[in-house]
Chemist: 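I have a structure here, written as structure tokens, and I will follow up with some questions on it.
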There are 2 protein chains.
Amino acid sequence: MKTPLAGHGPLYRQVHELIVARIVDGQWQPGDLLPSEFDLADEFGVSQGTVRKALNTLAAENLVVRHQGKGTFVAAHTPQRELFHFFHIEGADGARQMPVTSRLLATTNRRASRDEADRLDLPANGHVFTIERIRDLGGRPVIWERIVLPARMFVGLDQLDELPNELYQIYEEFFGVTIHRAIEELRAVAAERAEARHLGLTAGAPLLEVDRLAETVDGTPVEWRLSRCDTRAHHYLSEIV
Amino acid sequence: MKTPLAGHGPLYRQVHELIVARIVDGQWQPGDLLPSEFDLADEFGVSQGTVRKALNTLAAENLVVRHQGKGTFVAAHTPQRELFHFFHIEGADGARQMPVTSRLLATTNRRASRDEADRLDLPANGHVFTIERIRDLGGRPVIWERIVLPARMFVGLDQLDELPNELYQIYEEFFGVTIHRAIEELRAVAAERAEARHLGLTAGAPLLEVDRLAETVDGTPVEWRLSRCDTRAHHYLSEIV
DNA sequence: TTCAAAAAATCTTGTATAAGAGTTATAAGA
DNA sequence: TCTTATAACTCTTATACAAGATTTTTTGAA
């Protein structure tokens with residue numbers, strides 16, 4: 001099936017954007033095998049090298065995964081990848097292999113607050129699901145977090161029996177929502193009484209607050225996650241190259 | 001001049017490593033113009049495309065900067081680049097264009113503490129220069145920081161009349177020390193009396209501590225920078241893709 | 001004859017070469 | 001100042017081979 005390119009700019013960019021569009025509009029799902037370079041080149045009427053350049057760019061952006069001999073797959077979330085890629089808290093010795101478990105405190109299904117609507121680009125009467133839980137690292141409570149999700153994109157989430165520790169695979173498989181990028185703002189705040197109690201601290205103790213907004217490929221904000229972390233024995237790692 | 005490749009693995013990787021080695025051992029200095037793709041291909045006895053792949057990888061690693069029509073240059077620090085790339089504190093409205101200025105509190109030239117020697121891989125009797133200062137953002141004190149540098153790599157630093165706000169260009173131009181990568185560990189801590197006073201806070205107020213170790217291309221740790229930031233009106237930004 | 005294992009063939013990405021055209025940047029000359 | 005020439009990267013195409021994975025075919029044993 002031929003799909004001649006009709007856009008502007010370098011061909012490899014047009015191929016890149018066309019592939020992104022197919023991923024975004026659901027024609028290719030996470031984990032799907034894309035056609036081979038040769039087949040895509042034939043379909044788009046460009047050289048194999050041009051397709052390869054587009055695919056290599058997509059791979060650099062973590063939108064696809066390429067395996068020699070197997071093919072090119074739309075990137076998909078796994079719990080391991082989420083922990084490795086999206087979780088930046090580690091122990092004092094750089095340990096990132098400690099068990100991360102979660103204890104659910106509460107869930108709600110309610111109208112969004114003004115802040116929530118603002119952060120998630122919801123209409124004023126929009127609904128959200130919220131999840132409040134404690135994350136234990138190596139068996140100890142380290143993080144209190146509240147996750148806010150647009151209800152219309154996660155229909156049925158409140159009826160799931162169990163929520164796993166890592167949620168991004170669930171968003172993807174059950175709701176077709178794939179997290180692609182997260183912006184985090186970090187601050188030091190004083191612990192409030194409720195979270196202090198959960199984390200074994202006194203009110204007023206310093207906590208590292210991580211305010212995350214997670215987006216899909218097309219930039220739609222789909223998760224607001226506020227985490228408050230006890231950094232007595234852990235820290236947030238950031239690498240700048 | 002011909003320099004046939006003599007290593008193992010893909011040719012583009014060998015070219016990459018040979019170029020890195022020349023940068024590390026000072027044959028090519030920050031800001032230097034590298035030979036053209038065509039000339040390098042001739043020197044190493046590989047195709048231009050192979051050189052290109054190596055250079056593109058180097059560019060992706062921020063070791064070189066490529067300009068069409070001009071050439072490929074060894075990356076060099078500027079104050080603007082340091083602020084843009086290595087400085088992650090921004091205002092509540094996402095502002096990163098606010099003036100960043102510094103007020104020097106103290107400098108020392110002394111024997112390294114055990115922690116300092118450990119962090120900077122110094123011998124037990126190694127000497128360090130330290131710089132303690134306050135950084136003002138938009139005219140307000142926001143960050144207290146202490147910078148620890150191995151004295152043997154920064155001979156004469158303590159005799160400079162003025163230290164600019166951004167130091168990495170100075171490290172590079174005066175001492176031949178180029179910062180390539182920084183690892184930062186972030187924690188929330190309670191303000192101690194001295195830094196609280198400088199930042200206009202009360203002792204015990206939560207501060208965001210950024211513990212940075214900066215390294216050169218070959219992995220040598222050359223700067224330990226401990227910053228304590230008032231995050232009432234600012235935050236540390238981190239993006240995950 | 002059937003089934004399982006091994007070998008061969010095929011597919012697909014990764015590496016490499018070669019060449020040409022286009023675009024951008026700069027310097028020199030009119 | 002404008003135009004032209006030169007330098008150098010960027011984009012594109014084509015081709016070939018290596019390496020890894022999967023599928024198909026062949027062979028041998030039960």
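Treat the numbers as computed from the prediction; the structure is a model and nothing was measured. Residue numbers start from 1 in every chain, and the chains themselves are labelled A, B, ... in the order their sequence lines are given, proteins ahead of strands.
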Chemist: Do B/H8 and B/Q14 have a side chain donor and acceptor closer than 3.5 Å?
Modeler: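 No, because no side-chain N or O of B/H8 sits under 3.5 Å from a partner of the opposite role on B/Q14.
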
Chemist: Hey, would you say the A/F154 and A/F175 ring centroids sit under 6.0 Å apart?
Modeler: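 Ring centres of A/F175 and A/F154 closer than 6.0 Å.
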
Chemist: Determine whether the side chains of B/E223 and B/Y168 contain a donor N or O and an acceptor N or O closer than 3.5 Å.
Modeler: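 The criterion, which ignores hydrogens and geometry beyond distance, is satisfied for B/Y168 and B/E223.
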
Chemist: Roughly, in whole Å, what's the span from CD in A/Q48 to P in D/dC17?
Modeler: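 After rounding, the reported distance stands at 15 Å.
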
Chemist: May I ask you to evaluate whether A/T72 reaches the phosphate of C/dT12, defined as a side-chain N or O under 4.0 Å from OP1 or OP2?
Modeler: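 For C/dT12, neither OP1 nor OP2 has a side-chain N or O of A/T72 closer than 4.0 Å.
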
Chemist: Which listed nucleotide (D/dC11, D/dA8, C/dT12) is nearest to the side chain of A/S36?
Modeler: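 That would be C/dT12.
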
Chemist: Would you kindly check whether a donor in the side chain of A/E37 faces an acceptor in the base of C/dT12, or vice versa, at under 3.5 angstrom?
Modeler: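 Counting by modelled atom types and ignoring angles, no donor-acceptor contact under 3.5 Å is found here.
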
Chemist: Counting only distance, no hydrogens or angles, is the base of C/dA25 paired donor-acceptor with the side chain of B/Q68 under 3.5 Å?
Modeler: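 No such pair is found, so the answer is no.
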
Chemist: Rounding to a whole Å, what distance do you find between A/N56:CG and C/dG14:P?
Modeler: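 So the two atoms are 6 Å apart, to the nearest Å.
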
Chemist: Provide, to the nearest angstrom, the distance between the NZ atom belonging to A/K53 and the P atom belonging to D/dC9.
Modeler: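 Computing the A/K53:NZ to D/dC9:P distance gives 14 Å.
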
Chemist: Mind calculating the distance between CG (A/D42) and C1' (D/dA14) to the nearest angstrom?
Modeler: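 Distance check: A/D42 CG to D/dA14 C1' gives 15 Å.
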
Chemist: Is B/T50 close enough to C/dT15 that one of its side-chain N or O atoms is under 4.0 Å from OP1 or OP2 there?
Modeler: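 For B/T50, the contact criterion (side-chain N or O under 4.0 Å from OP1 or OP2 of C/dT15) is not met.
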
Chemist: Rounding to a whole Å, what distance do you find between B/L33:CG and C/dT26:P?
Modeler: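 One finds 12 Å between P of C/dT26 and CG of B/L33, rounded.
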
Chemist: Under 4.0 Å between a side-chain N or O of A/K70 and OP1 or OP2 of C/dC11?
Modeler: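 It does not, given that no N or O in the side chain of A/K70 lies less than 4.0 Å from OP1 or OP2 of C/dC11.
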
Chemist: Assign A/F38 to base, sugar-phosphate, or nothing according to its heavy-atom contacts below 4.0 angstrom with the strands shown.
Modeler: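 No contact.
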
Chemist: Taking atom types as modelled and ignoring hydrogens, do the side chains of B/T101 and B/N165 form a donor-acceptor contact shorter than 3.5 angstrom?
Modeler: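 Looking only at side-chain atoms, B/N165 and B/T101 do not form any donor-acceptor pair under 3.5 Å.
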
Chemist: Go nucleotide by nucleotide along DNA chain D from the 5' end; which of B/L34 and A/P10 gets its closest nucleotide reached first?
Modeler: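 Looking at the nearest nucleotide for each, B/L34 comes out on the 5' side.
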
Chemist: Give a yes/no answer on whether the side chain of A/R66 brings an N or O atom under 4.0 Å of OP1 or OP2 in C/dG14.
Modeler: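 Yes.
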
Chemist: 5'-most contact on DNA chain D: A/H67 or A/L11, nearest heavy atom basis?
Modeler: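 Taking each residue's closest nucleotide, the earlier one in sequence belongs to A/L11.
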
Chemist: Please give, in whole Å, the distance from D/dA14 P to A/R52 CZ?
Modeler: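 The answer, rounded to whole Å, is 14 Å.
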
Chemist: Rounded to the nearest Å, what distance is computed from the NE2 atom of residue B/H8 to the P atom of nucleotide D/dA18?
Modeler: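 Going from NE2 in B/H8 over to P in D/dA18 covers 19 Å.
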
Chemist: Between atom CG in A/D39 and atom P in C/dT10, what is the gap in whole Å?
Modeler: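 Roughly 17 Å, once rounded to whole Å.
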
Chemist: Does C/dA18 have a Watson-Crick or wobble partner in any strand here, with both distances under 3.5 angstrom, and which is it?
Modeler: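 Result: D/dT13.
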
Chemist: For A/F86 and A/H77, take the angle between the two ring planes, folded into 0 to 90°, and tell me which bin it lands in: parallel under 30, tilted 30 to 60, perpendicular over 60.
Modeler: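 Tilted: the ring planes of A/F86 and A/H77 meet at 30° to 60°.
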
